[in-house]
Amino acid sequence: MGALQGAGTSAMVDHHNLLLTAIGEEETARESKIYTYRKSFNGFVARLLPHEVQSLSADKRVVSVFPNTVRKLHTTRTWDFLGMSETLSQANAKRESGIVVGLLDTGIWAKAPSFNDTGYGPVPIKWKGRCVNFSGCNRKVVGAKYFKLDQDYSDGDTPSPVDDTGHGTHTSSTAAGVFVKDASLYGLGTGTARGGVPSARIAMYKVCWASGCSDSDVLAAFDEAIADGVDLISASMGGPSRSFFEDPIAIGSFHAMKKGILTSCSAGNDGPAASTVENVAPWIMTVAASGIDRQFRTVATLGNGKYFSGISINTFSPQKMMYPLTSGALAANVSEKYGNASACDFDTLDKNKVVGKIVYCLGSAGQDSTIKDLGGAGTIMALEVETDTAYSTVIPGTSTFPRDSKLIEQYINSTKNPQAVIQKTTTINVSAPFVASFSSRGPQKINLNILKPDISAPGVDILAAYSTLATTTGYPNDDRHTVFNIISGTSMACPHASAAAVYVKSFHPDWSPAAVKSALMTTATPMKSIDTDAELGSGSGQINPTQAVNPGLIYDISMSSYISFLCNEGYNNTIIDLIVGGLDKIDCTKFKPAQGTDGLNYPTMHTQLDSNSTSISATFYRTVTNVGYATSVYTSKVTSPRGLLVKVIPETLKFSKLNENQSFTVEVQGSLEPTGSKLLSALLEWSDSKHNVKSHIVILRPLAD
């Protein structure tokens, strides 16, 4: 894939000439090109041999050439938990109705009740999008397109914007689904389902298929969405972090940012491991997953009367008082030499020893599907580590916590006729918010001075609309098809944050993407963490949409500031000029040099030290814009741990009018013990007694590689 400057018909000729130079043969050059991006940015997709890639990369007109990799998807009480009541949503309907939320995902099941357009007025005049090979559009779903540039469809792929898996339907309805009363998954999570901005319009760009989400398709969707006139792009997908201009999501979101469109992306599902966060470009809003105060629990009762509260989403009610109970170890197929029968691995169990029984399995990795195929009555899965996330089972099932698993195993092995029963799932209240265990953590690897993720939003056990083309669990042996489903992931967190951004934008249509993101970050609810990762897991905290509408102060970032940042990062004039496009020739020497440790007016302040560093010295230069009261005085307050000295200069900011800018400097000094990793977190708060503007300061010394 190649990215260049300019756009339009002439670009197609330029692309051909570039390929001709690299390949050396007219017909082969013509046949090698798969797709041209020319609406919102300039580039193309082509099939190239390694030496042709080298030749193309050496051309000065080319920003970057990178392989077409495949990205992966990241997967109603939440809005009430976030303080956005039904009444509040209804009151904002007029402002929201002119906004179009663009989603890059698996498509949309427009027949879902969450996309009913009753009561909607005409589609906004500004909207240029349309529906392609799709009959489901209405005044709610105003656009639907699909992208599969290689035309290589797998079984189960529908060549249209129709959602084959349910993921895109779930994210779309989480962001902007209409009010649907008595929504539930077989009675679980019952309530009124709605999106965060239920009156906004939806445009779906299907880029994810059975094979994943191709870079070329993702870029094509960004190109179309920007040209169509979406107001925000929500992308619940990701992949390994790459240099900004070799990352299609970073490239596409940069061009969106140029047009005033914020891109919200999921942080990834590879937590709690460190340095797993994805989608880390500073112009992207990177969203971690948090949990709310509701958790789904499933009780398993043994024949001796003891019971254990496990975690799962079990929609089945027991048909008998008790069922025979066995374990994978006892039900082993003795003729099978491979696999672990104790973990109920595929093909390791004897069907005759499983039929009609509940089977106890070590681990929790889809054993319920295996047990169903063998005629089992249910499964109790033994978690190896604690978890906060429930997953649907295809037969009665629950996952028990490590502290209980041994007791169950002892009962099975000490009883002649062990029995058990698994009850239908119920809910309990838990302390919240918290960072989901699966949510990817920082620090990021691309820029060591920008804290990622940016913010957290609910992503655990989220009830939302679903495609009836997919089964409830996704297993082929599941015969349940539902219009609502409960799933988890940063994929679910992302549309929550996207909706919050749209909510803020509906009150402030003239705010830049950076301003909207700043408002959400500086008003977020700080989160307690039982882990040592703190802000590396949660970012600025959990979104607080109603507070973000009136943040008091914002940290804005202009295009020239981003260019200075990129210059400071070592990108040369040519690359920046080609990727920015549409401006005069970029000359880094003519831009104000990026200042301070991070070189960007970011709402958080962060730096990573060398692994052998024992001293801390960082300086952050910031400018805030007054969007609160015209005449106001803000006083700084710093909360910092022992060993970290944070000085703010000046300590007071005085404003005499709206949209006035004031600058300040934050100096951070300190010392560390000579060995081991260390994370120090401080908090800077600017307050005028009405607004409380929070900026997290995070200093990290990672472990040596």
Chemist: Using only heavy-atom distances, determine whether the side chains of Thr263 and Ser253 contain a donor-acceptor pair under 3.5 Å.
Modeler: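 Looking only at side-chain atoms, Ser253 and Thr263 do not form any donor-acceptor pair under 3.5 Å.
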Chemist: Does some side-chain heavy atom of Ile251 sit less than 4.5 Å from a side-chain heavy atom of Glu246?
Modeler: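 Heavy-atom side-chain distance check fails, nothing below 4.5 Å.
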Chemist: Can you confirm if the aromatic rings of Tyr153 and Trp209 lie within a centre distance of less than 6.0 Å?
Modeler: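 They qualify: ring centres under 6.0 Å apart.
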Chemist: Before giving the answer on side chain to side chain contact (heavy atoms under 4.5 Å, CB included), spell out for Thr482 and Thr468 the whole-Å C-alpha distance, their side-chain angles and the decisive distance to 0.1 Å.
Modeler: CA-CA 6 Å; Thr482 55; Thr468 57; over 6 Å; no
Chemist: Determine whether the side chains of Lys424 and Ser317 contain a donor N or O and an acceptor N or O closer than 3.5 Å.
Modeler: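 No, Ser317 and Lys424 have no side-chain donor paired with an acceptor closer than 3.5 Å.
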Chemist: Side chains of Ser234 and Ser498 only: does a donor on one sit below 3.5 Å from an acceptor on the other?
Modeler: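 Ser498 and Ser234 do have a side-chain donor-acceptor pair below 3.5 Å.
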Chemist: Give a yes or no on whether a salt bridge exists between Asp117 and Arg201, defined as a side-chain N under 4.0 angstrom from a carboxylate O.
Modeler: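 Salt bridge flag = no for Arg201 with Asp117.
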Chemist: Pair Lys148, Asp217 - check salt bridge (charged side-chain N to carboxylate O under 4.0 Å, His left out), show working.
Modeler: CA-CA 6 Å; Lys148 194 75 170 72; Asp217 296 336; 5.2 Å; no
Chemist: Of all the heavy-atom pairs spanning Ala250 and Phe244, show the shortest one and how long it is.
Modeler: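 What the structure gives for the nearest pair is CB-O, 3.3 Å.
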Chemist: If you compare all heavy atoms of Ala210 against all heavy atoms of Ser154, which two are closest, and at what distance to 0.1 Å?
Modeler: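 In this case the closest contact between Ala210 and Ser154 is CB-CB, 3.9 Å.
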Chemist: Answer yes or no: is there a side-chain heavy-atom contact under 4.5 Å between Ser266 and Val287?
Modeler: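 Side chain of Ser266 against side chain of Val287, heavy atoms only: no contact under 4.5 Å found.
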Chemist: Quick one about Asp152 and Ser211 (side-chain donor to acceptor, distance below 3.5 Å, no hydrogens or angles considered), yes or no?
Modeler: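 Per modelled atom types, Ser211 and Asp152 side chains form no pair under 3.5 Å.
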Chemist: Under the side-chain hydrogen bond (donor to acceptor under 3.5 Å, both in side chains) test against Ser369, which residue among Asn477, Thr473, Asp478 passes?
Modeler: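 Exactly one pass, corresponding to Asn477.
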Chemist: Please tell me whether Asn279 and Thr286 have a donor and an acceptor in their side chains that are separated by less than 3.5 angstrom.
Modeler: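 Absent: no donor and acceptor within the cut-off.
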Chemist: Please give me the minimum heavy-atom distance between Gly310 and Arg297, naming the atom from each residue.
Modeler: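 So the two residues come closest at O-CD, 3.1 Å.
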Chemist: Taking the side chain as every heavy atom from C-beta outward, state whether Asn92 and Ser199 have any pair of such atoms under 4.5 Å apart.
Modeler: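 Side chain of Asn92 against side chain of Ser199, heavy atoms only: no contact under 4.5 Å found.
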Chemist: Less than 4.5 Å apart, any side-chain heavy atom of Tyr391 and any of Ser312?
Modeler: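 No, too far: nothing below the 4.5 Å cut-off.
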Chemist: Taking NZ, NE, NH1 and NH2 as the nitrogens, is one of them in Arg194 or Asp80 under 4.0 Å from a carboxylate oxygen of the other?
Modeler: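 Asp80 and Arg194: salt-bridged.
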Chemist: Determine, step by step, whether Asp215 and Arg242 satisfy the salt bridge (charged side-chain N to carboxylate O under 4.0 Å, His left out) criterion, reporting the C-alpha distance in whole Å, the side-chain angles of both residues, the deciding distance to 0.1 Å, and the verdict.
Modeler: CA-CA 12 Å; Asp215 286 350; Arg242 288 188 256 166; 2.7 Å; yes
Chemist: Please work out which of the three classes, parallel, tilted or perpendicular, describes the rings of Phe147 and Tyr205, given edges at 30° and 60°.
Modeler: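 Answer is parallel, since the angle falls under 30°.
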Chemist: Look at the rings of Tyr503 and Phe507 and say which category their plane angle falls in: under 30° parallel, 30 to 60° tilted, over 60° perpendicular.
Modeler: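 The arrangement is perpendicular - the two ring planes meet at more than 60°.
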Chemist: SG to SG below 2.5 angstrom is the rule I want applied to Cys208 and Cys213. Does it hold?
Modeler: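 Cystine link detected, SG atoms below the 2.5 Å cut.
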Chemist: So, for Val280 and Lys452, which heavy atoms are closest and what is the spacing to 0.1 Å?
Modeler: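 The pair with the smallest heavy-atom distance is O-CE, 3.2 Å.
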Chemist: If every non-hydrogen atom of Asp157 is compared with every non-hydrogen atom of Pro159, which pair is closest and at what distance?
Modeler: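 Smallest interatomic distance, heavy atoms only, reads O-CD, 3.6 Å.
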Chemist: Among Thr398, Asp368, Thr298, Leu188, exactly one meets side-chain contact (heavy atoms from CB on, under 4.5 Å) together with Asn314. Which residue is that?
Modeler: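 Considering Thr398, Asp368, Thr298, Leu188, a side-chain contact (heavy atoms from CB on, under 4.5 Å) with Asn314 is found only for Thr298.
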Chemist: When you compare the side chains of Ser241 and Glu278, does any donor N or O come within less than 3.5 Å of an acceptor on the partner?
Modeler: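 There is no such pair (donor and acceptor under 3.5 Å, judged by atom type) between the side chains of Ser241 and Glu278.
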Chemist: Side-chain contact test, heavy atoms from C-beta onward, threshold under 4.5 Å: evaluate it for Phe222 versus Phe254 and give yes or no.
Modeler: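 Not touching, per the 4.5 Å side-chain cut-off.
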Chemist: Hey, does the side chain of His481 reach the backbone of Thr472 with a donor-acceptor pair shorter than 3.5 angstrom?
Modeler: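 Not a single qualifying donor-acceptor pair exists.
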Chemist: Is Val197 close to Ile99 at the side-chain level, that is, under 4.5 Å between some pair of heavy atoms?
Modeler: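 Not in contact.
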Chemist: Do you know which of Asp163, Thr158, Thr106, Asp164 makes side-chain hydrogen bond (donor to acceptor under 3.5 Å, both in side chains) with Lys206?
Modeler: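 Among the candidates, only Asp164 passes.
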Chemist: Indicate yes or no: at least one non-hydrogen side-chain atom of Phe296 is less than 4.5 angstrom from one of Ile428.
Modeler: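 Phe296 vs Ile428: side chains apart.
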Chemist: Within a strict 4.5 Å, meaning less than it, do heavy atoms of the His167 and Ser236 side chains meet?
Modeler: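 The answer is yes, as the side chains (C-beta and beyond) meet within the 4.5 Å cut-off.
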Chemist: Is any NZ, NE, NH1 or NH2 atom of the basic residue among Arg294 and Asp461 found under 4.0 Å from an Asp or Glu carboxylate oxygen of the other?
Modeler: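 No, no charged N to carboxylate O under 4.0 Å.
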Chemist: Over 60° means perpendicular and under 30° means parallel, so tell me whether His170 and Tyr466 are parallel, tilted or perpendicular.
Modeler: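 His170 vs Tyr466 ring planes: perpendicular.
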Chemist: Could you walk me through whether Val142 and Ile202 pass the side chain to side chain contact (heavy atoms under 4.5 Å, CB included) test, one step at a time?
Modeler: CA-CA 6 Å; Val142 298; Ile202 293 170; over 6 Å; no
Chemist: Hey, mind stepping through Ser290 and Gln542 against side chain to side chain donor-acceptor pair (under 3.5 Å) and telling me if it holds?
Modeler: CA-CA 7 Å; Ser290 58; Gln542 181 166 271; 2.8 Å; yes
Chemist: Could you go through Ile371 and Ile395, starting from their C-alpha distance and side-chain angles, then the distance that decides it, and tell me whether this counts as side chain to side chain contact (heavy atoms under 4.5 Å, CB included)?
Modeler: CA-CA 8 Å; Ile371 301 304; Ile395 53 174; 3.8 Å; yes
Chemist: Please check if atom NZ in Lys181 has more than 12 non-hydrogen atoms from other residues, nucleotides or ligands closer than 6.0 Å.
Modeler: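 Not buried by this count: 12 neighbours or fewer within 6.0 Å.
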Chemist: When you look at Val460 and Ile292, which way does the side chain to side chain contact (heavy atoms under 4.5 Å, CB included) test go after all the steps?
Modeler: CA-CA 7 Å; Val460 178; Ile292 63 170; over 6 Å; no
Chemist: Apply the test side chain to side chain donor-acceptor pair (under 3.5 Å) to residues Ser216 and Ser214: give CA-CA distance (whole Å), side-chain angles for both, the deciding distance (0.1 Å), then the verdict.
Modeler: CA-CA 5 Å; Ser216 56; Ser214 163; 2.9 Å; yes
Chemist: Ignoring hydrogens and angles, state whether a donor on the side chain of Thr471 or Arg480 is under 3.5 Å from an acceptor on the partner side chain.
Modeler: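 Distance-only check fails for Thr471 and Arg480.
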